[in-house]
Amino acid sequence: MDNILSGIKPTGQLTLGNYIGAIKNFVKVQNEGETFLFIADLHALTLPIEPNVLHDNSRDIAAYYLAAGLDPKKANIFLQSDVPAHSELAIILQNYLYMGELSRMTQFKDKSAKMKEEAIGLGLFAYPVLMAADIVLYDSKRIPVGEDQVQHVELARDLVKRFNNRYGDVLVMPKAEIAKVGARIMSLSDPTKKMSKSDPKGDIYLKDDLEVIRKKIMSAVTDMVGKVKYDPVNQPGVSNLMTIMSSLSGKSFDEIEKEFDGKGYGDFKRAVADVVCNELAPFKARYEEVIKSGLVDEVLSRGAKRANEIAEKTLKRVQKAVGLYSK
Ligand code: ATP
Ligand code: MG
């Protein structure tokens, strides 16, 4: 069985996009191979963040992982910063990725677009280097992510090819896996933009009360067409709501179109809100239980122990391959 790896940055409150595009898929794959799910706290430092916010968000993601049904006996849940090999490997791998390809990364372009050059940290630019280290450390072939992270996984693949061509069969080739539906949930207020936890416009937060979630869905931007139809170009808002409904209910776009044929957007939005609230109500209750149980720190330290075992082996292999060893 192939190893599986993914992570989430503790940059803000988790959104419905993170839940549908990432967490829900983690729960499915944990039975299919050893799964490494890290909380990417080092990545969260690439943009300014308050220390207590970073700390609290990190534990919170672990609690949400558990609430979603991730089983710490099957999935290793840990903090990236608890495994020093991530940083050590990134220092080596940075020599095999180039300025040109890093500057073409969409995430870098998006996140640095509104910043003055003097304020853009090297870490934001070098983000894909650390991410490549995250991926290859666990010999993971399968990388379940949302669509926006595919470009970074592709770069990690280029790096593995480059590295193995030079040094032999040292690193395992990873591959991104995205959900058929829901790999890119859009903002409810601007459905041409991805829902992102660090950009609060049009987000549904997993922390939101169900009533707030309902209101947000009822006031989601739609269009003047007046027909429930999957057409992301001309009806991005409606298509996004259909995507949310489909990924949580399992209904196909065809089925949803038929069900709401001749009905207004009000009825449709109410049904979407029902689906979202039905899914999130038990999930939110489990999250509260996890927080009360005080289990998070124990899970994180057990996860880090196992992660360190595997990561150190890979790091040693890489060090040896490039000539960094004493005897
Ligand atoms: P940030 O704004 O800090 O980049 P984010 O919401 O984009 O936050 P990440 O930590 O970058 O979240 O990504 C965690 C995982 O969630 C990744 O697999 C990513 O592809 C996925 N993801 C993020 N946003 C969405 C979305 N809108 N739809 C589907 N998947 C998403
Ligand atoms: Mg992101």
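We count ligands from 1, going down the list as the structure has it; atoms in each ligand are counted the same way. The structure presented is a predicted model; accordingly, all values stated were derived computationally and were not measured.
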Taking non-hydrogen atoms only, is [X] closer than 4.0 angstrom to ligand 1 via side chain, backbone, both or neither?
X    : result
A22  : side chain
R184 : backbone
A183 : backbone
K111 : side chain
I185 : both

[atom]: nearest protein contact (heavy atom, Å):
atom                    : answer
atom 11 (O) of ligand 1 : K9 NZ, 3.1 Å
atom 18 (O) of ligand 1 : G146 N, 3.1 Å
atom 3 (O) of ligand 1  : T11 OG1, 2.6 Å

| request: List the atom of F260, the atom of A271, and the distance in Å for their closest heavy-atom pair. | output: CZ-CB, 3.4 Å
| said: Does ligand 1 come near enough to P144 that some N or O of the ligand is less than 3.5 Å from an N or O of the residue? | reply: no
| said: Between the side chains of K313 and D139, is the shortest nitrogen-to-carboxylate-oxygen separation below 4.0 Å, so that they form an ion pair? | reply: no
| request: Just say parallel, tilted or perpendicular for the rings of H86 and F38, cut-offs at 30° and 60°. | output: tilted
| task | Classify the ring geometry between F36 and F78 as parallel (under 30°), tilted (30 to 60°) or perpendicular (over 60°). | result |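 Correct class here is perpendicular.
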| Nearest-0.5 Å distance, CD of residue E289 to CG of residue L66 | 11.5 Å
| message | Please list, in number order, the atoms of ligand 1 under 4.0 Å from a heavy atom of G182. | response |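 Counting from 1, the qualifying ligand atoms are 29 (C).
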| Hey, does I8 sit under 4.0 Å from ligand 1 if you only count heavy atoms? | yes
